[in-house]
Number of protein chains: 2
Amino acid sequence: MGKRKAVEPDISIAKCRYSLLLEIIASKWAVLAIYAMEGGAVRYGEFLRRIEGVSKKMLTQTLRQLERDGLLEREIHDTVPPGVEYRLTPLGQSLIVPLRHMKTWAIAHYPLVREARDDYDRRAVNATISEG
Amino acid sequence: MGKRKAVEPDISIAKCRYSLLLEIIASKWAVLAIYAMEGGAVRYGEFLRRIEGVSKKMLTQTLRQLERDGLLEREIHDTVPPGVEYRLTPLGQSLIVPLRHMKTWAIAHYPLVREARDDYDRRAVNATISEG
DNA sequence: CTGCATCCCTGCGGATACTG
DNA sequence: CAGTATCCGCAGGGATGCAG
């Protein structure tokens with residue numbers, strides 16, 4: 001039986017469980033937000049200040065998304081200036097582990113990627129020039 | 001020295017080395033392409049067939065990006081029907097390791113995330129209804 | 001302070017057709 | 001077979017203003 005090693009019509013990695021993960025981390029804001037919470041609860045305005053370049057719209061959107069996926073908890077303090085704290089759930093914290101592997105890779109291989117990029121771009125420029 | 005534990009004007013995780021990694025893997029096509037090459041060299045048309053839903057435009061774009069970052073090599077066979085093979089460089093292969101951690105996490109926690117999502121959505125619907 | 005609503009514009013990315 | 005070029009729709013996401 002089996003074998004049939006040929007064809008493999010479409011291995012279609014597309015709709016596997018991995019796509020779920022992509023939905024989560026494909027947004028850079030999501031990853032940055034998770035990292036911001038690594039040290040403990042974070043307030044809304046704190047995110048805004050710590051994550052450079054994020055807009056209120058994107059921050060709220062990202063936070064909601066993470067909450068929806070059960071990665072963080074929203075804690076509302078009914079004080080007079082309203083205060084809301086966001087903290088990672090255990091599920092969210094568990095995601096930090098593989099994330100850290102990625103970060104480690106990034107730090108270790110950053111120079112190589114940069115170099116490869118520069119080489120590539122340099123070659124591209126030369127090619128363009130020599131075409132005249 | 002040191003201490004100064006206060007303020008921390010902007011920890012600004014934004015432009016750290018991690019953003020480089022995000023540039024690479026934030027595209028789902030890039031991750032899928034890398035996985036496709038895990039077993040060895042892959043031809044252009046093979047990508048097209050194996051990665052469901054990818055267009056020629058996006059495929060070429062993704063492949064170029066990965067080549068630029070030194071993650072894959074393009075090998076051109078000057079045969080009569082032109083054949084081009086793409087294979088991971090050692091750098092590209094090294095990325096598979098942390099990627100695998102992510103995949104493992106995804107598979108392990110998929111049910112939890114799904115559940116959290118469903119709960120969240122259910123609550124959202126109820127809230128909408130009770131508002132009338 | 002925390003957020004939602006609106007406007008608007010850029011560019012991602014799909015479809016199609018053409019070339020080497 | 002392996003791309004490149006062009007058109008174009010649509011939504012991601014920034015800026016701003018308002019509300020609780």
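So you know, we letter chains A, B, ... as the sequences are listed, proteins then strands, and number each from 1. Since this is a predicted model, take the numbers as computed values, not measurements.
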Quiz item: Has B:Arg100 got more than 12 heavy atoms of other residues, nucleotides or ligands less than 6.0 Å from its CZ?
Solution: no
Practice problem: Take atom CD of B:Glu85 and atom P of D:dA2, then tell me their distance rounded to the nearest Å. | Solution: 9 Å
Practice problem: Decide yes or no for A:Val97 and B:Trp105: does some side-chain heavy atom of the first lie under 4.5 Å from some side-chain heavy atom of the second? | Solution: no
Quiz item: Do the side-chain N or O atoms of B:Arg43 get closer than 4.0 angstrom to the phosphate oxygens (OP1, OP2) of D:dC1?
Solution: no
Quiz prompt | Minimum side-chain heavy-atom gap B:His109-A:Ser94 below 4.5 Å | solution = yes
Exercise. Could you tell me whether B:Tyr86 contacts a base, only the sugar-phosphate backbone, or nothing, with contacts defined as non-hydrogen atoms closer than 4.0 Å?
Key: sugar-phosphate
Self-check item: From A:Glu75, A:Glu38, A:Glu46, residue fulfilling salt bridge (charged side-chain N to carboxylate O under 4.0 Å, His left out) relative to A:Arg87
Solution: A:Glu75
Quiz prompt | Minimum side-chain heavy-atom gap B:Asp69-B:Glu23 below 4.5 Å | solution = no
Practice problem: Note the angle between the end axes of the helix from C:dC1-D:dG20 to C:dG20-D:dC1, five pairs defining each, rounded to 10 degrees. | Solution: 40°
Quiz prompt | Donor-acceptor under 3.5 Å (A:Tyr86 side chain, A:Glu67 main chain) | solution = no
Practice problem: Specify the separation, in whole Å, of atom NE2 of B:His77 and atom C1' of D:dA2. | Solution: 13 Å
Quiz item: So do the side chains of A:Leu21 and B:Lys103 get within less than 4.5 Å of each other, counting heavy atoms only?
Solution: no
Quiz prompt | Verify same cluster id: B:Leu71, A:Leu112 (apolar side-chain graph, 4.5 Å) | solution = yes
Quiz item: Could you give the CD1-to-C1' distance, from B:Ile76 to C:dG20, as a whole number of Å?
Solution: 13 Å
Practice problem: Summarise protein proximity over nucleotides 5-20 of chain D in one line of letters, 5' to 3': B for base, S for sugar-phosphate only, - for none, counting protein heavy atoms closer than 4.0 Å. | Solution: --B-----BBB-B--B
Quiz prompt | Gap between atoms CG and P, on A:Leu59 and C:dG3 respectively (whole Å) | solution = 8 Å
Self-check item: Whole angstrom value for the distance that separates P of C:dA5 from CZ of A:Arg64
Solution: 11 Å
Self-check item: ILVMFWY network linking B:Tyr120 to B:Val113, side-chain heavy atoms under 4.5 angstrom
Solution: no
Practice problem: Starting at atom CZ of A:Arg74, determine the distance to atom C1' of C:dC1, rounded to an integer number of angstrom. | Solution: 13 Å
Quiz item: Has B:Tyr44 got a side-chain N or O lying under 4.0 Å from the OP1 or OP2 atom of D:dT4?
Solution: no
